[in-house]
Structure formats: C-alpha cells, structure tokens
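Written out below as structure tokens is the structure these notes cover.
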Amino acid sequence: MDNGQSAREARIDLAAALRLAVRFGLNEGIDNHFSYALPERNDRFLLHPYGLHWSEVKASDLHLVDADGTVIEGEGDWEPSAFYIHSRIHLKHPAANCVLHTHMPHATALTLLADGRLEPLSQTAIMFYGDIAYDPEYNGLVEDRLEGDRIATAMGHKRVLFMANHGVTVVGETIAEAFTQLYYLERACQAQVLAMSTGRPLKPLGDNRAAATHGELTAERPAHAQVHFAALKRILDREEPDYAA
C-alpha cells in the first residue's frame, strides 16, 4: 500500500483534512474520525486522539496506532469506534490508505430513509455512480472487531459506505482524494435533499449517460483531488497555519 506520502506529509494533510471538515460543517462535535495508513504499512495508521475538537488538531497531535490498538506515538486515548471501524477497513480494503467517517448532515439524512440512496440526479452525484455500498443494518456502537469486520465487509471494494441510521465512510488512496470525495459527497446529498424537499418529481439521469460521465470523472479524480486539496490547504496556511505544527 504505497501512496508516496511521507509520514510527516501525511500528518500535515490529515490535520488539514480535520480542520477543513469543520469549515464545511462535515464534523459532529468531537466525534467522527479520520485515519491514514502509513506507506506500505496498512497495519499502522494515523488517528486523531479522542477529546480534541477538529478545529484544534495539529499534525503533532495525531496518534500512530497499530492493528492491535497500541499507541506507538502520541498522547491520550483513541475512541473505540474510531479504532474498530478504521483498523478493520484499513486491513481489508485495497484502496483504503485513508478512511474518513462522518455524520455529515445531508448524507446522514439519506441514511435515515427507508431504502435511502444517492440517486444519479446531478453531475456531482455521478462522481459516485456505482461506487457506493449500502449497509442496511444498524447494530449500535462499534466497540469490537466483529462489528468492525462486518462494516468492512459491507463496504466491499466500494469507496463509499452509507451506514443505515448512522453516517457515511469514505476511503481513498490519498488524503487529498478521500477528502475531496467526502466534500463532494455531502454536496451531492445536499442537492438531492433540497430537490426532494420540493415534493416535485425527481429527474434522474439514465444509466448509460451516468456510467459514461462517471468514467470521465473517475479518470480525472486523482489530479483534480490534488489540485482541490492544495487550494484548500493554502487557505489554512494563511488563516490557521498552526495545523501543520
């Protein structure tokens, strides 16, 4: 699992992702969690410690945790569901260098509906066409490996998992790619929720058009994500430079 990022660069990018999530309203209190597996080591990953608000996390605050939950670097404790969701996905998913789990409002709203789905309604939604898994079960808090494994299995090889009555999880090869997908996922869900709120019939795109456009967007995804995330980091560099400390 080699993604070309050094441990130091990964710390800075993960801290940036946490800060940026606050700016876009993707976080919920001190809950939810982001993690990143070290290059070529999916059994060791960076995870922010429980109790810090995402707006105050610095690169140096991040834990380095192994697959058994041992904190190799860092102070404080990890939150159980953070470890059991993320560790099992890192170990089982081939693209899960970075794992982001949130209760962001519009995406979570769709998980509260019977048979809630992100429909192919907008160009933004097409980014995720055929790449979302849906877990219909809510088994309470994720506090053991068995539930973590069940969630990882439900995700399969998809990049997005809608978790019924809970929230969403997004994975990516890089932090930039995973965060960019998280950002656009919430925007796509927001547009759908707004459209549904009008009570008027929805206008989904046909499967052929959706699949073709998804292919075009997928080809552009890595480069676009890097440019997008770099632009967002420049905002932090100007306004919250301590994130990289």
Side-chain angles (χ1 to χ4, degrees), residues 17 20-21 23-28 32 34 85 89 93-96 98-139 150-174 176-229 231-232:
L20 291 164
R23 287 180 172 244
F24 296 123
L26 309 181
N27 67 310
E28 186 174 63
N32 308 171
F34 289 2
I85 291 174
I89 293 176
H93 197 301
C98 184
V99 180
L100 310 181
H101 169 68
T102 74
H103 302 166
M104 53 193 190
H106 295 92
T108 300
L110 293 183
T111 76
L112 309 182
L113 302 176
D115 298 319
R117 297 286 189 272
L118 178 63
E119 304 292 347
L121 297 169
S122 67
Q123 179 171 289
T124 305
I126 295 305
M127 294 175 63
F128 306 97
Y129 182 77
D131 210 9
I132 300 177
Y134 295 91
D135 180 7
E137 300 180 37
Y138 175 72
N139 286 343
R150 191 193 68 78
I151 289 170
T153 299
M155 188 167 212
H157 287 192
K158 304 293 189 183
R159 291 174 178 267
V160 178
L161 176 65
F162 273 50
M163 306 163 75
N165 308 100
H166 186 171
V168 296
T169 296
V170 173
V171 305
E173 283 88 352
T174 66
E177 187 172 334
F179 185 83
T180 294
Q181 290 196 108
L182 189 76
Y183 170 83
Y184 283 107
L185 178 65
E186 177 64 358
R187 294 299 296 264
C189 292
Q190 180 181 25
Q192 179 172 320
V193 169
L194 287 171
M196 292 167 66
S197 73
T198 68
R200 298 182 61 184
L202 301 178
K203 185 182 179 182
L205 295 168
D207 287 339
N208 290 341
R209 173 51 58 198
T213 305
H214 173 74
E216 295 169 358
L217 292 170
T218 298
E220 299 172 358
R221 181 172 60 206
H224 173 265
Q226 292 299 326
V227 174
H228 176 239
F229 197 65
L232 297 178

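Using a 4.5 Å cut-off on side-chain heavy atoms (C-beta onward), Glu186 and Pro105 make contact. Looking at heavy atoms from C-beta onward, Val160 lies out of side-chain contact with Asp131 at the 4.5 angstrom threshold. Considering only heavy atoms from C-beta on, Leu217 stays 4.5 Å or farther from His214 through its side chain. Taking 4.5 Å as the limit, some side-chain heavy atom of Asp135 sits within range of a side-chain heavy atom of Glu137. Side-chain atoms of Thr102 and Asn27, non-hydrogen and from C-beta on, never get closer than 4.5 Å to each other. At a threshold of 4.5 Å between non-hydrogen side-chain atoms, the residues Val171 and Met155 count as touching.
Here the straight-line distance linking atom NE2 of His224 with atom OG1 of Thr180 works out to 6.5 Å at 0.5 Å rounding. Taking CZ of Phe128 as the reference point, atom CD of Gln181 lies at 5.5 Å (rounded to 0.5 Å). Here the straight-line distance linking atom OG1 of Thr111 with atom OH of Tyr138 works out to 10.5 Å at 0.5 Å rounding. The NE2 atom of His166 sits 11.0 Å away from the CG atom of Asn139 when rounded to the nearest 0.5 Å. The line from CG of Leu26 to CG of Leu100 is 9.5 Å long, rounded to the nearest 0.5 Å. Note that OG1 of Thr218 and CE of Met127 are 8.5 Å apart. Values are rounded to the nearest 0.5 Å.
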Which donor-acceptor pairs under 3.5 Å do side chains of residues 187-204 form with protein atoms, sequence neighbours excluded?
unit_1	atom_1	unit_2	atom_2	d
Arg187	NH1	Tyr183	OH	3.0
Gln192	OE1	Glu119	N	2.8
Gln192	NE2	Arg117	O	2.8
Ser197	OG	Leu194	O	2.6
Thr198	OG1	Ala195	O	2.7
Thr198	OG1	Arg200	N	3.2

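Closest heavy-atom contact between Phe162 and Ala107: CE2-O, 4.1 Å. In terms of heavy-atom proximity, Met104 sits nearest to Leu182 at CE-O, 3.5 Å. Nearest heavy-atom pair across Leu112 and Asn165 is CD2-CA, 3.7 Å. Counting all heavy atoms, side chain and backbone alike, Phe34 lies closest to Ala21 at CZ-CB, 4.0 Å. Between Ile126 and Pro120, the shortest heavy-atom distance links the atoms CD1-CB, 3.7 Å.
Classified by interplanar angle (parallel below 30°, tilted 30° to 60°, perpendicular above 60°), the ring pair His228/Tyr184 is tilted.
The backbone N or O of His103 lies less than 3.5 Å from a partner atom in the side chain of Asn32, making a donor-acceptor pair. With hydrogens and angles disregarded, a donor-acceptor distance shorter than 3.5 Å links the side chain of His93 to the backbone of Lys158.
Side-chain atoms of Asp207 and Tyr129 include a donor-acceptor pair closer than 3.5 Å.
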Handout entry: Criterion side chain to side chain contact (heavy atoms under 4.5 Å, CB included) on Tyr134 and Leu110, from CA distance to verdict
Key = CA-CA 11 Å; Tyr134 295 91; Leu110 293 183; over 6 Å; no
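Around CD of Gln123, the count of heavy atoms belonging to other residues, nucleotides or ligands within 6.0 Å does not exceed 12.
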